[in-house]
Amino acid sequence: MFVCHGNICRSPMAEFIFKDMVKKQGIDDEFFIASSATSTEEIWGDIGNPVYPPAKKELAKHGLSCEGKCAVQLRKSDYEKYDLFIGMDSANVRNMMRIFGDDPENKISKLMDYSHRGGDVADPWYSRRFDIAYRDIYDGCEALLKKLLKENFIV
(Lines give C-alpha, C1' and ligand atoms only; values in the text may rest on other atoms or scores of the structure.)
Protein backbone atom coordinates (compact mmCIF):
# COMPACT_ATOMS: atom_id res chain seq x y z
CA MET A 1 0.00 0.00 0.00
CA PHE A 2 1.36 3.39 -0.73
CA VAL A 3 0.07 6.48 1.15
CA CYS A 4 0.09 10.94 -0.44
CA HIS A 5 -0.54 14.71 -0.41
CA GLY A 6 -1.68 15.59 3.04
CA ASN A 7 -0.59 12.10 2.44
CA ILE A 8 0.07 7.55 -0.81
CA CYS A 9 2.10 3.55 -0.78
CA ARG A 10 2.29 -0.35 0.13
CA SER A 11 5.35 -0.87 -1.85
CA PRO A 12 8.62 0.64 -0.72
CA MET A 13 9.56 0.65 -4.43
CA ALA A 14 6.48 2.79 -5.12
CA GLU A 15 7.32 5.04 -2.19
CA PHE A 16 10.80 5.86 -3.47
CA ILE A 17 9.82 6.07 -7.15
CA PHE A 18 6.99 8.50 -6.38
CA LYS A 19 9.13 10.54 -4.00
CA ASP A 20 11.70 10.92 -6.77
CA MET A 21 9.04 11.98 -9.28
CA VAL A 22 7.55 14.70 -7.11
CA LYS A 23 11.03 15.92 -6.15
CA LYS A 24 11.94 16.27 -9.83
CA GLN A 25 8.75 18.30 -10.31
CA GLY A 26 9.74 20.56 -7.41
CA ILE A 27 6.57 19.74 -5.50
CA ASP A 28 7.90 17.32 -2.88
CA ASP A 29 6.92 19.71 -0.10
CA GLU A 30 3.26 19.21 -1.13
CA PHE A 31 3.35 15.50 -0.33
CA PHE A 32 3.83 13.07 2.49
CA ILE A 33 4.63 9.77 0.83
CA ALA A 34 5.11 6.59 2.82
CA SER A 35 4.66 2.86 2.48
CA SER A 36 3.23 0.46 5.01
CA ALA A 37 2.53 -3.23 5.20
CA THR A 38 -1.03 -4.48 4.82
CA SER A 39 -0.09 -7.85 6.33
CA THR A 40 2.12 -8.85 9.23
CA GLU A 41 4.65 -10.87 7.22
CA GLU A 42 7.21 -8.04 7.21
CA ILE A 43 6.75 -7.15 10.88
CA TRP A 44 8.41 -9.13 13.68
CA GLY A 45 7.18 -7.91 17.05
CA ASP A 46 7.52 -4.16 16.75
CA ILE A 47 10.39 -4.33 14.28
CA GLY A 48 9.84 -4.15 10.53
CA ASN A 49 12.06 -5.81 7.97
CA PRO A 50 14.27 -3.60 5.81
CA VAL A 51 13.52 -3.33 2.09
CA TYR A 52 13.93 -6.71 0.40
CA PRO A 53 17.47 -6.84 -1.08
CA PRO A 54 16.44 -7.49 -4.72
CA ALA A 55 13.99 -4.55 -4.55
CA LYS A 56 16.71 -2.38 -3.03
CA LYS A 57 19.08 -3.45 -5.82
CA GLU A 58 16.51 -2.59 -8.51
CA LEU A 59 15.94 0.85 -7.01
CA ALA A 60 19.71 1.42 -6.91
CA LYS A 61 19.94 0.61 -10.65
CA HIS A 62 17.76 3.69 -11.15
CA GLY A 63 19.74 5.87 -8.77
CA LEU A 64 17.25 5.58 -5.90
CA SER A 65 18.20 4.81 -2.32
CA CYS A 66 15.90 3.30 0.27
CA GLU A 67 18.51 3.17 3.05
CA GLY A 68 17.02 3.07 6.53
CA LYS A 69 13.52 2.12 5.39
CA CYS A 70 11.86 -0.61 7.46
CA ALA A 71 8.35 -1.97 7.19
CA VAL A 72 5.63 -0.45 9.33
CA GLN A 73 2.12 -1.80 9.80
CA LEU A 74 -0.91 -0.01 8.33
CA ARG A 75 -3.38 0.87 11.10
CA LYS A 76 -7.09 1.67 11.15
CA SER A 77 -6.29 5.16 12.47
CA ASP A 78 -4.26 5.90 9.32
CA TYR A 79 -7.48 6.29 7.32
CA GLU A 80 -8.15 9.74 8.77
CA LYS A 81 -4.53 10.88 8.40
CA TYR A 82 -4.06 10.35 4.66
CA ASP A 83 -5.79 11.35 1.43
CA LEU A 84 -5.01 8.29 -0.70
CA PHE A 85 -4.13 4.65 -0.15
CA ILE A 86 -2.70 2.99 -3.24
CA GLY A 87 -2.36 -0.79 -3.36
CA MET A 88 -0.09 -2.65 -5.71
CA ASP A 89 -2.58 -5.49 -6.20
CA SER A 90 -6.02 -6.80 -5.31
CA ALA A 91 -4.70 -8.48 -2.14
CA ASN A 92 -3.44 -5.10 -0.87
CA VAL A 93 -6.87 -3.58 -1.49
CA ARG A 94 -8.61 -6.45 0.33
CA ASN A 95 -6.22 -6.12 3.27
CA MET A 96 -6.74 -2.35 3.44
CA MET A 97 -10.51 -2.84 3.46
CA ARG A 98 -10.11 -5.41 6.26
CA ILE A 99 -7.95 -3.04 8.30
CA PHE A 100 -10.12 0.04 7.73
CA GLY A 101 -13.46 -1.78 7.78
CA ASP A 102 -14.77 0.45 4.99
CA ASP A 103 -13.75 3.16 2.53
CA PRO A 104 -16.47 5.83 2.82
CA GLU A 105 -14.31 8.54 1.22
CA ASN A 106 -13.09 6.34 -1.69
CA LYS A 107 -9.45 6.78 -0.73
CA ILE A 108 -8.38 3.24 -1.71
CA SER A 109 -7.33 2.30 -5.24
CA LYS A 110 -4.81 0.18 -7.14
CA LEU A 111 -1.79 1.87 -8.67
CA MET A 112 -2.19 0.36 -12.12
CA ASP A 113 -5.77 1.66 -12.32
CA TYR A 114 -4.22 5.08 -12.97
CA SER A 115 -2.35 3.71 -15.99
CA HIS A 116 -3.71 2.67 -19.37
CA ARG A 117 -3.13 -1.01 -18.47
CA GLY A 118 -5.05 -1.44 -15.22
CA GLY A 119 -4.76 -4.63 -13.19
CA ASP A 120 -2.11 -5.54 -10.62
CA VAL A 121 1.59 -4.69 -10.45
CA ALA A 122 3.58 -7.77 -11.48
CA ASP A 123 4.54 -9.46 -8.21
CA PRO A 124 8.31 -9.98 -8.13
CA TRP A 125 8.11 -12.23 -5.08
CA TYR A 126 7.02 -15.07 -7.37
CA SER A 127 8.54 -14.09 -10.71
CA ARG A 128 11.86 -12.71 -9.35
CA ARG A 129 11.46 -10.02 -12.06
CA PHE A 130 12.02 -6.85 -10.07
CA ASP A 131 12.69 -5.03 -13.34
CA ILE A 132 9.14 -5.71 -14.52
CA ALA A 133 7.70 -4.68 -11.14
CA TYR A 134 9.76 -1.48 -11.32
CA ARG A 135 8.42 -0.75 -14.81
CA ASP A 136 4.81 -1.30 -13.69
CA ILE A 137 5.26 0.83 -10.58
CA TYR A 138 7.00 3.60 -12.52
CA ASP A 139 4.21 3.68 -15.12
CA GLY A 140 1.54 3.69 -12.42
CA CYS A 141 3.26 6.44 -10.42
CA GLU A 142 3.70 8.55 -13.55
CA ALA A 143 0.00 8.19 -14.40
CA LEU A 144 -1.01 8.92 -10.80
CA LEU A 145 1.07 12.10 -10.71
CA LYS A 146 -0.40 13.27 -14.02
CA LYS A 147 -3.90 12.72 -12.65
CA LEU A 148 -3.15 14.57 -9.43
CA LEU A 149 -1.66 17.51 -11.33
CA LYS A 150 -4.58 17.58 -13.79
CA GLU A 151 -7.14 17.54 -10.98
CA ASN A 152 -5.26 20.25 -9.06
CA PHE A 153 -4.85 17.86 -6.13
CA ILE A 154 -1.70 19.71 -5.20
CA VAL A 155 -2.40 23.06 -3.58
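As the structure is a computational prediction, the values presented were derived from the model and not from experiment.
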### Query
Going by the angle between their ring planes, with limits at 30° and 60°, are Y134 and Y138 parallel, tilted or perpendicular?
parallel
### Task
Could you grab the distance from atom CD1 of I17 to atom CG of L144, nearest 0.5 Å is fine?
12.0 Å
### Query
Does any N or O in the side chain of N92 come within less than 3.5 Å of the main-chain N or O of M88, such that one atom is a donor and the other an acceptor?
yes
### Message
Any non-hydrogen side-chain atom of P124 less than 4.5 Å from a side-chain atom of E58?
### Response
no
### Sidechain-backbone polar pair: K57 side chain, F130 backbone, donor-acceptor under 3.5 Å
no
#### Entry: Criterion side-chain contact (heavy atoms from CB on, under 4.5 Å) against I33, the qualifying member of K23, K19, M21
K19
#### Entry: D20/K24 under salt bridge (Lys or Arg N to Asp or Glu O under 4.0 Å): CA gap, chis, key distance, verdict
CA-CA 6 Å; D20 185 59; K24 287 177 178 171; 3.0 Å; yes
### Minimal non-hydrogen separation, A122 against I132, with atom names
CB-CG2, 3.7 Å
#### Entry: Aromatic plane relationship, Y79 with F85 - under 30° parallel, 30 to 60° tilted, over 60° perpendicular
parallel
### Message
If you compare all heavy atoms of V51 against all heavy atoms of P12, which two are closest, and at what distance to 0.1 Å?
### Response
CG2-CB, 3.9 Å
#### Entry: Main-chain N/O of S90 paired to D120 side chain as donor or acceptor, under 3.5 Å
yes
### Message
Ignoring hydrogens, what is the shortest heavy-atom contact between C66 and K56? Give both atom names and the distance.
### Response
SG-CG, 3.5 Å
### Query
Do the side chain of R98 and the main chain of T38 share a donor and acceptor less than 3.5 angstrom apart?
yes
### Query
If every non-hydrogen atom of Y114 is compared with every non-hydrogen atom of S109, which pair is closest and at what distance?
OH-OG, 2.8 Å
### Query
Just by distance, do the side chain of E15 and the backbone of A34 share a donor-acceptor pair under 3.5 Å?
no
### Message
Under the criterion side chain to side chain contact (heavy atoms under 4.5 Å, CB included), I'd like the reasoning laid out for K146 against K150: C-alpha separation, chi angles, the key distance, then a yes or no.
### Response
CA-CA 6 Å; K146 284 180 184 175; K150 183 179 177 183; over 6 Å; no
### Message
Would the distance check show the side chain of D139 and the main-chain N or O of D136 forming a donor-acceptor pair, the cut-off being under 3.5 Å?
### Response
no
### Query
Tell me, do L84 and L148 make a side-chain contact under 4.5 Å, heavy atoms counted?
yes
### Query
Which heavy atom of D102 sits nearest a heavy atom of P104, and at what distance?
C-CD, 3.5 Å
### ILVMFWY network linking Y52 to V72, side-chain heavy atoms under 4.5 angstrom
no
#### Entry: Where C70 and G48 come nearest, the two heavy atoms and their spacing
CB-O, 3.5 Å
### Query
Does any non-hydrogen side-chain atom of L149 lie less than 4.5 Å from one of Q25?
yes
### Task
Find out whether the Lys NZ or Arg CZ of K107 is both under 6.0 angstrom from the six-membered ring centre of Y82 and within 45° of the ring's axis.
no
### Query
Side chain of K110, backbone of V93: donor and acceptor closer than 3.5 Å?
no
### Message
Quick check for you: to the nearest 0.5 Å, what is the distance between N95 atom CG and L74 atom CG?
### Response
9.0 Å
### Query
Is R75 atom CZ crowded by more than 12 heavy atoms from other residues, nucleotides or ligands, each under 6.0 Å away?
no
### Query
Applying the 4.5 Å side-chain criterion to the ILVMFWY set and letting contacts propagate, would F32 and I108 be lumped into a single cluster?
yes
